[in-house]
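The structure under discussion appears below in the form of C-alpha cells.
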Amino acid sequence: MNTKSFLDLEEGGIFMELIEAVWQISDFTDEIQKRYEEETAIKESIHYNTVDKWFKELEKKGIHYIQRTADKNKKVYDELDIAIAIFIMKKRAERWSLDAIFNILSANLEVRPFPDLTKDEPLVPSEALVMVEMNLRLEKMQKEMEERLTYELDLKLEQKLMARLPIPKTDQEIRAEKTDIMISSVRKRYEIEEKAIAEWNKLPQEQKVKKVGFFRKEEDILKRDSFIRGFVKKYFENEDK
C-alpha cells in the first residue's frame, strides 16, 4: 500500500490532505479479502489471478478503467476498485454470473471513466500514482545498490583470501626444489655409507676376510657391501619411525 500527504492551497488557507491508498494486485487482493470479512463476517479466500481477470473483463467491456503508473504502465487499485471488488464478491456468493454483475455494476456503484486518448494534452498522473512510481523506482535503486554492494564485498573478500594464499611457484622453482631434494638425498646417503664403512672397519679382522686358496686371505667384498646396505637400510627405517 502507498500513501502520501501534500499541501493543498485554497482561499481559506493551507490544510493537509491525505491521499487515498493504492495497491498493486497482490496486496489489493489481500485488502479485498480483509474488507470482505469485516463487512460480512465471512472469511473468503480468492486468488489474485481471479481478481485480475474481473478487472480485465470490466476494461474489455468498457465499464471500468484501471489506473496505471506513467513510467511502467503498471496497474494500481484504489478505494473505488475495492468497493467494486467487494460488490462482485457479494454477488458471486449469491450465485450471480459475472455477466449479470457487470451489467448492473455502473447502476449500483461509481465506476472510473476511460481516459480520452483523442486529446493532445498528456494525461497527468494522480499524486498517488506518482508515489507508486517513486516507490517502484526507489525499490529498483535499492535492489541495484544492494547487488552492487554485495558484489564489491564478495570481490574484496576474494582479494583478501587470495592475498593470504602462498604465491604459486614457477616451473623453474619447482625443478630447482626437486634438484635440491635429490642432491640432499644423495649427500645423506653418502654420509650414511661412510658411517657404515667406518663401522665395518671396526669389526674383527676374521669377520671381514675370506680365504682365497690355502694360504691367502682377502677382504670379503660381497659381505662388506651387504653390511653397508643393511646399515643404510636400518638407518632410514629408524628415521621414518
Side-chain angles (χ1 to χ4, degrees), residues 1-4 23-31 33-34 45 47-49 52 69-76 130-241:
M1 180 180 72
N2 299 279
T3 58
K4 178 178 181 289
W23 300 266
Q24 291 183 278
I25 187 63
S26 181
D27 293 332
F28 177 61
T29 304
D30 293 339
E31 187 68 19
Q33 294 175 109
K34 184 182 75 173
S45 178
H47 198 275
Y48 67 84
N49 285 337
D52 183 52
T69 59
D71 61 342
K72 294 189 177 180
N73 202 36
K74 287 181 176 290
K75 293 180 180 179
V76 288
V130 171
M131 286 305 300
V132 172
E133 293 173 21
M134 290 179 62
N135 285 335
L136 290 173
R137 291 177 184 176
L138 287 173
E139 288 174 4
K140 182 180 178 182
M141 290 174 60
Q142 182 179 1
K143 184 178 179 182
E144 290 175 349
M145 289 178 64
E146 288 175 353
E147 290 175 352
R148 180 64 182 174
L149 181 60
T150 301
Y151 170 78
E152 291 179 354
L153 289 175
D154 289 343
L155 183 61
K156 288 181 180 179
L157 178 60
E158 182 180 356
Q159 290 173 346
K160 286 183 179 180
L161 291 175
M162 291 299 294
R164 294 179 182 178
L165 294 175
I167 300 174
K169 296 178 181 178
T170 63
D171 292 341
Q172 184 178 359
E173 290 173 333
I174 294 173
R175 287 196 296 271
E177 281 189 358
K178 289 182 178 179
T179 301
D180 291 342
I181 292 172
M182 183 180 68
I183 293 173
S184 177
S185 177
V186 170
R187 285 176 178 172
K188 186 69 174 178
R189 186 174 182 84
Y190 283 160
E191 291 176 4
I192 305 307
E193 286 181 351
E194 288 177 359
K195 290 182 180 180
I197 291 172
E199 291 298 320
W200 167 262
N201 291 333
K202 291 178 183 179
L203 294 175
Q205 191 68 18
E206 60 271 16
Q207 293 182 20
K208 298 185 293 181
V209 300
K210 65 178 181 177
K211 286 184 178 182
V212 180
F214 292 102
F215 305 105
R216 190 164 61 88
K217 293 181 179 181
E218 63 181 26
E219 186 177 25
D220 191 338
I221 302 301
L222 293 177
K223 189 175 182 180
R224 184 194 64 184
D225 291 345
S226 177
F227 177 85
I228 292 172
R229 286 195 299 273
F231 186 92
V232 173
K233 180 181 179 183
K234 184 177 181 181
Y235 178 88
F236 282 113
E237 285 177 348
N238 290 335
E239 282 276 305
D240 293 337
K241 290 180 180 179

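The model shown is predicted, which means the values in this text are computed figures rather than measured ones. Residue numbers start at 1 and run along the sequence shown.
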Worked verdict on Y48 versus Q24 for side-chain contact (heavy atoms from CB on, under 4.5 Å): CA-CA 10 Å; Y48 67 84; Q24 291 183 278; over 6 Å; no
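- A salt bridge links K34 to E31: at least one charged side-chain nitrogen sits closer than 4.0 Å to a carboxylate oxygen.
- Distance check: S184 OG to R187 CZ gives 7.5 Å after rounding to the nearest 0.5 Å.
- Closest approach of Q207 to K223, counting heavy atoms only: O-NZ, 2.8 Å.
- Annotation: salt bridge (Lys or Arg N to Asp or Glu O under 4.0 Å) contacts involving residues 168-178, sequence neighbours excluded, comprise K169-E177.
- Put simply, CZ on R224 and CD1 on I221 are 4.0 Å apart, with the number rounded to the nearest 0.5 Å.
- To the nearest 0.5 Å, the span separating CD1 on I228 from CD1 on I192 amounts to 12.5 Å.
- A search for ring-ring contact (aromatic ring centres under 6.0 Å, His included) contacts involving F231 returns nothing, not counting sequence neighbours.
- Counting only distance, with no hydrogens or angles, the side chain of S226 and the backbone of L222 share no donor-acceptor pair below 3.5 Å.
- The line from CG of D30 to CZ of F28 is 11.0 Å long, rounded to the nearest 0.5 Å.
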Audit row: E218, V209, side-chain contact (heavy atoms from CB on, under 4.5 Å) steps and yes/no: CA-CA 5 Å; E218 63 181 26; V209 300; over 6 Å; no
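- Counting only residues at least two apart or in different chains, salt bridge (Lys or Arg N to Asp or Glu O under 4.0 Å) contacts with residues 191-204 comprise R189-E193, E199-K202.
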Validation: residues 158-165 side-chain donor-acceptor distances under 3.5 Å, sequence neighbours left out:
none

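- Residue pairs that meet the ring-ring contact (aromatic ring centres under 6.0 Å, His included) test with at least one member in residues 146-198, sequence neighbours left out, do not exist here.
- Screening Q142, E144, R148 against E146 for a side chain to side chain contact (heavy atoms under 4.5 Å, CB included) leaves a single residue, Q142.
- Here R229 pairs with nothing under the salt bridge (charged side-chain N to carboxylate O under 4.0 Å, His left out) rule; sequence neighbours left out.
- Atom CD of Q172 has 12 or fewer heavy atoms from other residues, nucleotides or ligands within 6.0 Å.
- Remark: I174 CD1 to T179 OG1 distance equals 12.0 Å, nearest 0.5 Å.
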side-chain contact (heavy atoms from CB on, under 4.5 Å) between L153 and L157, worked out: CA-CA 6 Å; L153 289 175; L157 178 60; over 6 Å; no
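- Using a distance-only test at 3.5 Å, with no hydrogens or angles considered, no donor-acceptor pair links the side chain of T29 to the main chain of H47.
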Intermediate values then yes/no, side-chain contact (heavy atoms from CB on, under 4.5 Å), E219 and W200: CA-CA 11 Å; E219 186 177 25; W200 167 262; 2.7 Å; yes
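- Interatomic distance, CD1 of I197 versus CG of D225, reported as 9.0 Å (0.5 Å rounding).
- Results of the side chain to side chain contact (heavy atoms under 4.5 Å, CB included) test with K143 over K140, E147, M141 single out E147 as the only residue that passes.
- Remark: F227 CZ is packed, more than 12 non-hydrogen atoms of other residues, nucleotides or ligands lying under 6.0 Å away.
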